[in-house]
Protein chains: 2
Amino acid sequence: MDAGALRRRNLSAVLDLVHRHGGVTRADLTRALGLNRSTIGDLVAVLVEHGWVDERDDAPRSGVGRPSPRVAPSDTRVVAAVNPELDVVDVALVSLGGQIVARRRVDLDHVPTVAETVTLTSHTVRELAADNPGVEVLAAGVAVPGLVRGRDGHVRLAPHLGWREEPLAAPLSVALGMPVAASNDAHLGCRAEQTFGAGVGTGTMLYLNGGPSGIGGGLVVDGRPMDGTAGYAGELGHLGLDPEGPACACGARGCLEALAPRDALVQAVGLEHPDDDALEAALVAAVADEVGGDAARAEVARQLRWLGIALRGAINLLNPERIVLGGHLAALWRCADESQRASLIADALPASAAEVTIEPAALGSQRLLIGAAELAWDGLIAAPIDAVQGAAVATA
Amino acid sequence: MDAGALRRRNLSAVLDLVHRHGGVTRADLTRALGLNRSTIGDLVAVLVEHGWVDERDDAPRSGVGRPSPRVAPSDTRVVAAVNPELDVVDVALVSLGGQIVARRRVDLDHVPTVAETVTLTSHTVRELAADNPGVEVLAAGVAVPGLVRGRDGHVRLAPHLGWREEPLAAPLSVALGMPVAASNDAHLGCRAEQTFGAGVGTGTMLYLNGGPSGIGGGLVVDGRPMDGTAGYAGELGHLGLDPEGPACACGARGCLEALAPRDALVQAVGLEHPDDDALEAALVAAVADEVGGDAARAEVARQLRWLGIALRGAINLLNPERIVLGGHLAALWRCADESQRASLIADALPASAAEVTIEPAALGSQRLLIGAAELAWDGLIAAPIDAVQGAAVATA
DNA sequence: ATGTATTTGTTGGTTGACACAACGTATCAC
DNA sequence: GTGATACGTTGTGTCAACCAACAAATACAT
């Protein structure tokens, strides 16, 4: 590593801290990075000069001494976040600091193709940029419900959307004129929760998301997202738990996904196409209903049992610090009683079980877009100076 | 990160390359690290000056141009590696470069206590050092068959040895007068295979070891050992595969360890207390025996099926580049036919399954000691200059 | 044998990033 | 106000890595 790389690394570390905390004082930066005050001053000055951050005098007073200015993320630099789904393409502009600046859900009466997704996204990003004068869109990230090769953002298989072996990041990058990265939606949900949600500050974390099309997940190891060799890690839905269990869409038997499907919960509460919030509310109500809640209670207990077996394996394998549950798995968690919650990890090895905490996801429906934005920010935060000089920048 | 840290990092990177390859040319170092020739020259000079490496003219000639001297690890700097087991304390001195310089197995007629292990180790290390004049023993690493808290080398539980909540690294460090680290034996086997064995060069790797006391394992993520939050990761033996399966020593049901025990293979071939090599040979012979091999074939097939279900889950969860099998799991692999080998990963998601290769472990009975030595080298390689100035050094 | 191309080590000077010390400045407590 | 505290600012110093020019050692062609 040469001296230039050292500078890039430190600039990157400062920008990353500002991003994660949505603004920190210079004094905080000095403490967090262990660098000299004058060096921090210099680094911040470079970032200000390049337009990444602003210095403001609105930091909370923390005691005696000269107050330290707050280094705040620029509110004009944004990235685009995209999430194609069954009947909608969800697009947002997300600022440094992880705030959604603008969002538009483009409803469709059919499942989008890749080509449609590219053109729709491209139009929508331009519209959003036009509606928000002054913002610069620097890069884009896509959350895809399926297996995505991380290296080049190529979609291997998105069964839900009917996509198979389709390049996605490359054509979208051409259409938008900016760098584009794509990844699996659950991975990005995991990233979002780890950066801004229920997993803030954790080193090793496991995220499981239950959705209509199955159970996906993501892993964070030593504070960094772990995507596996090609980007396909985190498929917790396909842990084999019961050789005699029901057949799974993946071809095997007794996967967690087949044993704890969202549909079964929806049926148990008698709703049609509820969103996650509605399902959770109905489930909590049904479980609390002493008279008519038997079916719901039974299904919840059944799914919690399988979830516990899956978590046992994952905890023993990974010794995580935290497990974050999203989607219908969060709903299960919320309507479980204390003993059910305890039994979720009861069968794991005690040493590992003692250190793990389980939390429901915190970011709700913004999760995937924030995660996709994180993916887009990656390259920019890693090399903030090169990025400004080198990248194609779309300005409204 | 300041300039001093940069220097330390680069020194450390050079020393690490020399360690992993047992010697590299200066030209190789410039290519691998991307630093200037003069910088590499400087870094190597510092390491030579501090006694970590020697420069020799015995590099293989690689073509035209001035030959580059070989930077070889010092053969006098060693660490101690220790592996307490049921009826033996195995101790070795391991050089930079991963070579076992000296080894002594201290046989016992009983299971050693922690206190015995400490005194036996301490004596044996001094003896080995005395037998090898000139070597400096700089640190020690212990491979423990049980759960070890990585932070402080405290043994949470080693059922095999009857140890429970016993400090180990701390008293041994006092006895030896040098830094001591301890970790789980399967973790260290994993490290050894990843550094010098069947996993060299892999980014994400999974290691499973089958032994008389169960199935353990280790993980490597992005080229670095992944120990989990407290050091208990890698317990692949306790993936729950069958809710109706046999009870496991851990208290749960249907763990891989309970479904594919070494004992069952030993029984199937009718041996008593064979070592891994003997078991493997007998198993291969029995499976090839058309007349009398039915019992062995059946048990091998049964265990391979369960191993496949476990690997399915692990592959889907981690998308590893390589899976390394040790102990009786390697024996299973060696006597499996092509179709059985293929079916091991057949049920995993195709995208992940396509990228993974399975290999039997390569380092045999040296694995644990080499891994324990790696643990000891960690701190020294991370800060080679500070280590020499600061550490207590035992000289023969 | 000789010369040329190629690769690498060596040397002295230069650049750049961060540290340090001294000083200036803004707040709090009294 | 006054002192204590904490922090930003400025100029100087140090150290690590780079660079360019040169020297050395090999392979290969003639």
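In what follows, every chain begins at residue 1, and chains take the letters A, B, ... in the order their sequences are listed.
Counting heavy atoms from C-beta on, the side chains of B/Q366 and B/F196 never come closer than 4.5 Å.
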Nucleotides 1-5 of chain D: which of its N/O atoms have a protein N/O under 3.5 Å away?
unit_1, atom_1, unit_2, atom_2, d
D/dT5, O2, A/G65, N, 3.2

Output one line per pair: protein atom, nucleotide atom from nucleotides 13-18 of chain D, and distance, for all N/O pairs under 3.5 Å.
unit_1, atom_1, unit_2, atom_2, d
D/dA17, OP1, B/N10, ND2, 2.4
D/dA17, OP2, B/R7, NH1, 2.4
D/dC18, OP2, B/N36, N, 2.9
D/dC18, OP2, B/T39, OG1, 2.7

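No donor-acceptor distance shorter than 3.5 angstrom exists from the side chain of A/E359 to the backbone of A/G199, with no hydrogens or angles considered. Looking at B/D57, its side chain never comes within 3.5 Å of a backbone N or O of B/P69 through a donor-acceptor pair.
At the phosphate of D/dC7, neither OP1 nor OP2 sits under 4.0 Å from any side-chain N or O atom of A/T30.
Using a 4.0 Å heavy-atom criterion, one finds that B/R9 contacts no nucleic acid atom at all.
In this structure, the CZ atom of B/R8 is 19 Å from the P atom of C/dA17, given to the nearest Å. Atom CZ of A/R70 and atom P of C/dA26 are 20 Å apart (whole Å). Spacing between atom CZ of B/R26 and atom P of D/dA24 amounts to 15 Å, rounded to whole angstrom units.
At a non-hydrogen distance threshold of 4.0 Å, nothing from residues 15-23 of chain A comes into contact with DNA chain C.
Each of B/P67 and A/G41 was assigned the nucleotide of DNA chain D with the nearest heavy atom; the assignment lying further toward the 5' end belongs to A/G41.
More than 12 heavy-atom neighbours from other residues, nucleotides or ligands sit within 6.0 angstrom of CD on A/E355.
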